[in-house]
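Residue numbers begin at 1 in each chain, while the letters A, B, ... track the order of the sequences.
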Amino acid sequence: MAEFALDCLGEACPVPLMKTEKKMAEMAVGDVLVVNIDHSCAMKNIPEWARKQGHNVEIEEVDDGEWEVIIEKTK
Amino acid sequence: MSGFRAFFDKLGKNKFYVMIFKNPFTYVTGAILLSIFQVVTLAVTGEPWGVSGTFANWGAWLYQLVGGNVDKWYYFSSEGAQATLARGFLDDPGTMRNLGIIFGALAATLLASQFKLKKIKSIRQVVAAVLGGLMMGYGARLAFGCNIGALFSGIASLSVSGWVYAIFLFVGAFVGSKLLAKFFM
């Protein structure tokens, strides 16, 4: 049940999603990944991708134009 | 002051405010709005919606501002282009549309409380942005349109060229994503 962080601040689409996919592939079931983003379309495409994969996803607005996408790997 | 703050805090949580200004529209909503407004643009200004052609005119006006002259340039040699340049920066529907995009985007991000000055992560990002911008601008002028003027308005005008553009858009996106994975992953 490890927790990982992925800093994607300052990165534009689709780089945050590509990095998230890569990082998630390396993780074990039950692990949690926190992705930091400040590109609003990543707030749409990362959760969309993760939910389609069946993972648990939460989005938190941490500041103006800054979000944390929290993904729990379920399979 | 605290009254102001309470008012805006409340407004920011209002169901309709969140729906319209805070959450992104769905792709379908966006597509419908774009379709309606491109018809409005065509009806009001008599020309299909385009974006990048106007930037070439902005360049010409900037060049004239510092004493340059584009009369002899092949790109601006047509009567229509000369008439557009003669009318000037403010008397141009393209200028109004592009300013609308820029200030509209700023207003939208402020209304959603999502404005942020982003840091530049690496010199690589700067190089890619400058190179990509130059290539997109130059390519759009060679093709007489960008993804709006040539693709969106082209297809909306039942022009085959819009569909040809679409096919090569996918080819370009494929090559671009390979380059992205190579240099930014």
Item checked: Heavy-atom closest pair, residues B/Lys116 and A/Leu9 -> NZ-CD2, 4.2 Å
Next item on the list: List the atom of B/Phe25, the atom of A/Lys44, and the distance in Å for their closest heavy-atom pair.
Entry: O-NZ, 3.9 Å
Notebook entry, point to check: Hey, what do you get for NZ (B/Lys118) to CD (A/Glu11), rounding to the nearest 0.5 Å?
Noted result: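 Taking NZ in B/Lys118 and CD in A/Glu11, the distance rounds to 11.5 Å.
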Check: From B/Gln114 CD over to A/Asp38 CG, what is the distance, rounded to the nearest 0.5 angstrom?
Finding: 11.0 Å
I'd like to know if [Y] and [X] are part of one continuous hydrophobic network [Ile/Leu/Val/Met/Phe/Trp/Tyr, side-chain heavy atoms within less than 4.5 Å].
{"X": "A/Val29", "Y": "A/Met24", "result": "no"}
{"X": "B/Leu34", "Y": "B/Tyr27", "result": "no"}
{"X": "B/Phe184", "Y": "A/Ile46", "result": "no"}
{"X": "A/Leu6", "Y": "A/Ile37", "result": "yes"}
{"X": "B/Phe168", "Y": "B/Ile155", "result": "no"}

State whether the number of non-hydrogen atoms from other residues, nucleotides or ligands found under 6.0 Å of [X] atom [atom1] is greater than 12.
{"X": "B/Met136", "atom1": "CE", "value": "no"}
{"X": "B/Ile120", "atom1": "CD1", "value": "no"}
{"X": "B/Arg124", "atom1": "CZ", "value": "no"}
{"X": "B/Tyr75", "atom1": "OH", "value": "yes"}
{"X": "B/Tyr17", "atom1": "OH", "value": "yes"}

Check: Just wondering, do B/Leu180 and A/Met18 contact through their side chains at under 4.5 Å, heavy atoms?
Finding: yes
Check: Contact part of B/Lys121 toward chain A, heavy-atom cut-off under 4.5 Å: side chain, backbone, both or neither?
Finding: side chain
Next item on the list: Examine whether an atom of B/Thr109 lies under 4.5 Å from a heavy atom of chain A, and if so say whether it belongs to the side chain, the backbone or both; otherwise answer neither.
Entry: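 For B/Thr109, there is no contact with chain A at all, as no heavy atom is under 4.5 Å.
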Note to self: Do the side chains of B/Lys22 and A/Glu61 get close enough for a salt bridge, i.e. N-O under 4.0 angstrom?
What the structure shows: yes
Notebook entry, point to check: Among residues 65-75 of chain A, which residues come closer than 4.5 Å to chain B, judged by heavy atom distances?
Noted result: A/Gly65, A/Glu66, A/Trp67
